[in-house]
There are 4 protein chains.
Amino acid sequence: MPRQVRERQMLDAAVAAFARHGYQAASMDDIAEAAGVSKPLVYLYLKSKEELFTACVRREIGALVAAVREGTRERGVSADQQLWNGLTAFFAHTADRPDGVAVLHRARTQGEPFAREVAAMRVEILTLVTGLLAQAAQDAGCAGVPAEREVSGLAHALVGAAESLAEWANSHEAARAGAAPSARETAATLMNFCWAGLENLMKGARWVPGASP
Amino acid sequence: MPRQVRERQMLDAAVAAFARHGYQAASMDDIAEAAGVSKPLVYLYLKSKEELFTACVRREIGALVAAVREGTRERGVSADQQLWNGLTAFFAHTADRPDGVAVLHRARTQGEPFAREVAAMRVEILTLVTGLLAQAAQDAGCAGVPAEREVSGLAHALVGAAESLAEWANSHEAARAGAAPSARETAATLMNFCWAGLENLMKGARWVPGASP
Amino acid sequence: MPRQVRERQMLDAAVAAFARHGYQAASMDDIAEAAGVSKPLVYLYLKSKEELFTACVRREIGALVAAVREGTRERGVSADQQLWNGLTAFFAHTADRPDGVAVLHRARTQGEPFAREVAAMRVEILTLVTGLLAQAAQDAGCAGVPAEREVSGLAHALVGAAESLAEWANSHEAARAGAAPSARETAATLMNFCWAGLENLMKGARWVPGASP
Amino acid sequence: MPRQVRERQMLDAAVAAFARHGYQAASMDDIAEAAGVSKPLVYLYLKSKEELFTACVRREIGALVAAVREGTRERGVSADQQLWNGLTAFFAHTADRPDGVAVLHRARTQGEPFAREVAAMRVEILTLVTGLLAQAAQDAGCAGVPAEREVSGLAHALVGAAESLAEWANSHEAARAGAAPSARETAATLMNFCWAGLENLMKGARWVPGASP
DNA sequence: GATGAATGAGATTTCATTCAT
DNA sequence: AATGAATGAAATCTCATTCAT
């Protein structure tokens, strides 16, 4: 059996194990057995547990980013439409590969080297989002560009909301209140949640404490 | 030294260790040493690693919920103001006890018993938030109550955004773009991000794909 | 509370614990708690686990030997009658204090110092038995005294049979085949088992291989 | 080195250790070192201390039962001869493998699962013995079959006597009174001790208190 | 006379990792 | 290319034992 195939089997098994048990609790024994190979072979191909985890993380990062980029590829549509497309792609992907997403989630709290990789991916996606927001601002004849720090905060809020919604949409809790929502429904929920606020912001309108009607 | 004092020392050390290394990687040896006691004493007082972790989680849940409840206690103010107060308390708390928050974050991916405790806390806070949103809807002369599933999704989005913002606000990344933002600033960012959207939703206005200006 | 009373409580608790769990598995914690006192008090009175076990063993040895001696005290009766009396006393005692007997049983396999104490007790009882056998030989006009080694072997066989019967009589297995047998019944069983053989031996008759009818 | 060989080495070392120190006091460290392997290998092959002990017990049970069965295999000889053959085989075995016998002895007081295995073995041997006694009764033109409980008691007495004699024969004490007795001598001692009594019993004769000559 | 507080030492068990073949 | 055999290191947890009061 060719090396590439064997390697993918190992990565598949590793992603499943890391997703279910976490980095520490997943054992190389179990991964090797699940992959249907002997432990020395895993070490021959992937060097160590750390590198194996890194390989998993990189693969899943690539898959996620590719999915989102593919979703926002369509040109000639308005910024909010593109954002919606990207979100839909994101939610579709998280529904499709829950283990991969779980591995990325685990990696964020697994020490510097892993956390950094995921952080870099978040930056990549945030950049994408930020770009869309900026274009939306332009489209809307926005008065001025908000401070970098504010944009950064907004982007983090958006991504955090998306992650939380993805987790909720794929949990059993959501299914209890009817069928699990589709990716499009979830994306719409998030757009509803934030779009008006973002639009206002871009136009320079601000919510301030003590000023509500 | 009296038992209560020692127990608090142990919990402090354990929270720090669990926050930094996670449940599995934090060792009882290190925790005992950090607490300035011997390992057997930790076991005498806290029974096992699992119960120690549980004790940490419960303590931090209590502290977080108390902080947020305290923030929303003030009566006679509008709903958005109360939400803002609660968010400010939340961000102040996360800035004040980053380790405690990290422990709660870890607990969510550490198996059923722990995850359930945190989930229960999230439900408690979501209920609080939902109540405020409902009152806001009333204040705004809202046309109809949105479906339960939609409200649930919105609340998850809000909480996720808050968590993500808290993490970002306390990270070094935020400091790089100027001083770390205050709790009030972060709360304002989040209100700006979502309030208009929520208000629209309550009034029955919806964002729909393909309908943007 | 006077020291003697406290000490007896401790010994009672210790005997029960050692009987149930064995020397190693019985913990000083449990013994102290069962005795209703704190651990340091146990150490104050009984020095160490080893000495505590020794005290238990000595007490139970004393009780057992006293019971058997009491049983054989009656003068002016034939030797077999005295032996039967002694056996009855032995089985009555083992039925009455199963924990004490169990401790002695455990002590036999618990290393030199303890095993020696029990061995000494066995010697004491064996001497008693041997004396009765000798007198029986005289009564029966026995031809000659058997070799010391043979007598020793016989005595061990008798004691072993008695111990095994005691254990069986107090086990649930015996109760399954009707009510548990009384001490007198068990003693009769053992007398039936061996008396004729012993009598023959004393008269010089021997069982030899290949000579059965 | 092949797995089977290593496993036997481990069992040999474990039997020796359990025999000398008992289940609790024997440490896996010592067993591994005595077997000339590392501790993890012991766990890899034997799973746990409990299973290791079980494996020892089962092996020694098998060896002992096989030895006794082999001894009683010879057909066409009288019942007492067969019993003597079986006893000789038993004493030869206990002299040959004192550690194995000691392990079985320990197992009887080491908790339900172990005690049950040994009890089952005792039942097996008791059945064998009971069969021989029954045949002997037939040979002797026995009047009637004694009650089940009485037979059970007699068998227990016989086995207990045999165990006690075996222990004595292999102890230093026996050697002090001349050379240690051979298996045939010990078997003869036991036959002398009980055979006449058993024969009487089979014929319906009973020893009763107060009726001695 | 009695105890709450505390620990050094050692138990079983698991895991990532490497040879020799 | 692939593996059965093997281990060093470290994890969680328990226990007999002693102070200071």
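For the numbers below, each heavy atom of this structure counts, side chains included, while hydrogens, waters and symmetry mates do not. Bear in mind that the values here come from a model prediction, so they are computed numbers and not experimental data. So that the names make sense, note that chain A is the first sequence line, chain B the second, and so on, each numbered from 1.
With sequence neighbours excluded, no residue satisfies salt bridge (charged side-chain N to carboxylate O under 4.0 Å, His left out) with D:D96. Contacts of B:D99 classified as side chain to side chain donor-acceptor pair (under 3.5 Å), with partners at least two apart in sequence or in another chain: none. Looking at residues two or more places apart in sequence or on another chain, you find a salt bridge (charged side-chain N to carboxylate O under 4.0 Å, His left out) between A:E163 and A:R108, A:R122.
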When the side chains of residues 4-11 of chain D are checked against the rest of the protein, which donor-acceptor pairs come out under 3.5 Å, sequence neighbours left out?
unit_1, atom_1, unit_2, atom_2, d
D:R6, NH1, D:Q9, OE1, 3.1
D:E7, OE2, D:R3, NE, 2.9

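For DNA chain F, the span of nucleotides reached by chain C at under 4.0 Å from its heavy atoms goes, 5' to 3', from F:dA16 to F:dC19.
Pairing each heavy atom of D:V103 with each of D:A19, the nearest pair is CG2-N, 3.9 Å. The shortest heavy-atom contact between D:F114 and D:A107 is CB-O, 3.6 Å.
Side-chain atoms of D:T109 and C:T109, non-hydrogen and from C-beta on, never get closer than 4.5 Å to each other. Under the 4.5 Å side-chain criterion, counting only non-hydrogen atoms from C-beta, C:Y43 is in contact with C:M28. For the pair A:V118/A:E60, no side-chain contact is recorded, criterion being any heavy-atom separation below 4.5 Å from C-beta on. Residues A:N170 and A:V101 have side chains not in contact (no heavy-atom distance under 4.5 Å, counting atoms from C-beta outward). No side-chain heavy atom of B:T54 sits under 4.5 Å from any side-chain heavy atom of B:V57.
Within residues 21-32 of chain D, no residue is approached by DNA chain F to less than 4.0 Å at the level of any non-hydrogen atom. Listed by residue number, there are no residues of residues 1-10 of chain B with a heavy-atom contact under 4.0 Å to DNA chain F. Shown for residues 33-44 of chain B: residues whose heavy atoms fall under 4.0 angstrom of DNA chain F, namely B:K39, B:P40, B:Y43.
Distance alone, capped at 3.5 Å, places no donor-acceptor pair between the C:R97 side chain and the C:L64 backbone.
Identified under the side chain to side chain donor-acceptor pair (under 3.5 Å) test for residues 14-23 of chain C, with sequence neighbours left out: none. Identified under the salt bridge (Lys or Arg N to Asp or Glu O under 4.0 Å) test for residues 111-120 of chain B, with sequence neighbours left out: B:R58-B:E117, B:E112-B:R116. For residues 30-55 of chain A, every residue pair satisfying the salt bridge (Lys or Arg N to Asp or Glu O under 4.0 Å) rule, not counting sequence neighbours, is listed here: A:D29-A:K39.
Distance, D:L46 CG to E:dT13 P: 11 Å, rounded to whole Å.
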**Asked** In dot-bracket, 5' to 3', how would DNA chain F read with Watson-Crick or G-U wobble pairs under 3.5 Å, [ ] for crossing ones and | for pairs to another strand?
**Response** .||||||||||||||||||||
